[in-house]
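As the structure lists them, so they are numbered: ligands from 1, and atoms in each ligand from 1.
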Amino acid sequence: MVFDIITIFPELFPPYLNESLLKHAQKKGLLDFRVHNLRDYAPGKHHVVDDRPYGGGPGMILRADIMIRCLETVTGYGLRVTKKTSPHSSLVTRNSRTRTRVIALDPAGKQLTQAMAKRLTTYDQLVLLCGRYEGFDERVYKFADEKISIGPYVLLGGELPALVVIDAVSRMIPGVVGDPESIVNETHSTEGYVEYPQYTRPEAIRVQGMGYRGKKKLNPRTLTVPNVLLSGDHKKIEQWRKKYARHK
Ligand code: SAM
């Protein structure tokens with residue numbers, strides 16, 4: 001899968017994308033990340049990408065003409081507005097067999113879920129539009145297939161949301177996570193499911209008193225592992241895990 005990221009802060013991406021499993025997945029040819037600097041598509045010496053809002057008001061707005069020029073290049077075959085339905089629907093036809101999805105990161109978008117991330121793995125190319133300042137000129141949304149929010153709060157820009165989408169989608173592409181079992185029966189894999197508790201070595205951890213947590217005093221003690229997990233009895237372990245996995 002190819003991720004095209006359009007941003008005015010391209011340098012924020014490589015440190016995260018070129019580490020760990022995402023780095024290995026690129027080497028294996030499973031993922032390709034292309035980061036595009038929106039300023040490269042802005043005219044003039046200063047490559048200005050924003051302007052004041054019509055009608056007045058605080059802050060600056062990302063210009064639609066520059067974003068559209070960039071999108072035309074990134075999607076590789078131009079975009080045509082066909083017919084107007086609603087201001088937020090996709091009005092784009094693409095003459096390509098590539099399954100492309102253009103996503104505007106937006107705090108007012110549909111909140112990202114595991115099911116959405118899974119659905120997005122069915123595309124060949126995801127184009128992620130990162131807003132900044134007061135956001136996009138509304139006309140940008142004519143070229144977005146969907147708006148995604150990563151939660152009900154407002155961040156400074158779309159770069160962290162883009163990385164969150166990339167991370168959530170990438171790990172569900174076969175081969176990205178080493179053991180395919182890891183992404184089966186994990187939290188959110190079905191609605192409301194919360195994975196059972198997990199432990200690793202050492203078997204016992206002696207801790208000193210850690211003062212107070214609120215009004216509760218944390219005395220010195222030994223933290224152990226449930227016996228059943230050390231028993232080697234796979235049937236019992238399975239039952240224990242079923243018991244302690246939760247459905248919210
Ligand atoms: N004025 C906008 C509003 O009230 O909806 C907020 C703009 S925000 C400061 C700038 C950009 O950050 C947005 O265009 C979007 O790309 C990104 N952003 C901020 N919070 C986000 C969130 N929760 N989910 C996805 N993107 C977000």
Side-chain angles (χ1 to χ4, degrees), residues 1-17 22 33-42 46-75 79 86-92 100-121 123 125-172 187-188 191:
M1 174 182 276
V2 177
F3 290 90
D4 284 288
I5 304 139
I6 303 178
T7 171
I8 58 169
F9 292 111
E11 64 283 3
L12 293 178
F13 288 88
Y16 191 81
L17 299 178
L22 296 182
F33 300 113
R34 304 188 296 208
V35 188
H36 310 273
N37 189 345
L38 185 63
R39 290 195 192 281
D40 292 344
Y41 297 83
H46 299 293
H47 300 286
V48 177
V49 291
D50 57 329
D51 212 330
R52 288 190 298 274
Y54 279 123
M60 301 296 274
I61 307 297
L62 278 181
R63 278 172 50 171
D65 56 335
I66 298 168
M67 182 60 88
I68 291 165
R69 199 174 307 139
C70 178
L71 259 175
E72 281 170 347
T73 305
V74 166
T75 51
L79 304 172
S86 93
H88 297 307
S89 67
S90 170
L91 304 172
V92 174
T100 296
R101 196 80 174 158
V102 178
I103 296 168
L105 282 319
D106 192 308
K110 200 158 174 224
Q111 215 159 298
L112 183 66
T113 62
Q114 189 78 349
M116 276 164 78
K118 177 96 185 143
R119 169 175 59 79
L120 292 175
T121 63
Y123 294 92
Q125 181 189 27
L126 295 185
V127 183
L128 301 168
L129 315 183
C130 305
R132 274 274 157 177
Y133 315 125
E134 287 300 317
F136 305 106
D137 178 311
E138 189 64 24
R139 291 167 287 186
V140 166
Y141 296 114
K142 289 186 191 301
F143 299 91
D145 298 305
E146 58 187 296
K147 295 192 208 179
I148 292 183
S149 164
I150 61 156
Y153 40 79
V154 178
L155 301 170
L156 290 170
E159 288 74 17
L160 286 174
L163 284 171
V164 169
V165 170
I166 289 169
D167 196 299
V169 174
S170 296
R171 67 189 294 282
M172 278 193 282
T187 300
H188 299 309
E191 211 184 314

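The environment of CZ in Arg119 is crowded: more than 12 heavy-atom neighbours from other residues, nucleotides or ligands sit within 6.0 Å. The environment of NE2 in His188 is sparse: at most 12 heavy-atom neighbours from other residues, nucleotides or ligands sit within 6.0 Å. Counted within 6.0 Å of CD on Glu191, heavy atoms from surrounding residues, nucleotides or ligands total 12 or fewer; the atom is thus considered open. In this structure, Tyr153 places its OH atom where more than 12 heavy-atom neighbours from other residues, nucleotides or ligands lie under 6.0 Å away. Around atom CZ of Arg34, more than 12 heavy atoms belonging to other residues, nucleotides or ligands sit under 6.0 Å away.
Every N/O-N/O distance between Pro161 and ligand 1 stays at or above 3.5 Å. Residue Leu129 has no nitrogen or oxygen atom sitting less than 3.5 Å from a nitrogen or oxygen atom of ligand 1, judged on distance alone. Considering backbone and side-chain N/O of Tyr153, one or more are found under 3.5 Å from N/O of ligand 1.
Rounding to the nearest 0.5 Å gives a distance of 11.5 Å between CD1 of Ile103 and CG of Asp4. Rounded to the nearest 0.5 Å, atoms CD (Glu146) and CG (Leu105) are 10.5 Å apart. Residue Ile6 holds its CD1 atom at 11.0 Å from CG of Asp40, rounded to the nearest 0.5 Å.
Interface of Gly158 with ligand 1, defined as ligand atoms under 4.0 Å from a residue heavy atom, comprises 12 (O), 16 (O), 17 (C). Close approach of ligand 1 to Val154 (heavy-atom distance below 4.0 Å) involves ligand atoms 6 (C), 8 (S), 9 (C), 20 (N). Below 4.0 Å from some heavy atom of Ile148 lie the following atoms of ligand 1, by number and element: 25 (C). Of all the atoms in ligand 1, the ones that sit under 4.0 Å from a non-hydrogen atom of Glu134 are 1 (N), 2 (C), 7 (C).
Under 4.0 Å from ligand 1, the heavy atoms of Asp106 that appear belong solely to its backbone. Contacts of Leu156 with ligand 1, taken as heavy-atom pairs under 4.0 Å, involve the backbone alone.
In this structure, the side chain of Arg69 engages the main chain of Tyr41 through a donor-acceptor pair within 3.5 Å. The backbone N or O of Val102 sits less than 3.5 Å from a side-chain atom of Asp145, completing a donor-acceptor pair.
At the shortest separation from atom 16 (O) of ligand 1 among protein heavy atoms lies Leu105 O, 2.6 Å. The protein non-hydrogen atom at the shortest distance from atom 20 (N) of ligand 1 is Leu155 N, 2.9 Å. Closest protein heavy atom to atom 10 (C) of ligand 1: Tyr133 O, 3.4 Å. Taking atom 24 (N) of ligand 1 as the reference point, the nearest protein heavy-atom neighbour is Ile150 N, 3.1 Å. With hydrogens left out, the protein atom closest to atom 5 (O) of ligand 1 is Pro107 CG, 3.6 Å, a heavy atom.
At a 4.0 Å cut-off, not a single heavy atom of Ala108 sits close enough to ligand 1 to count as contact.
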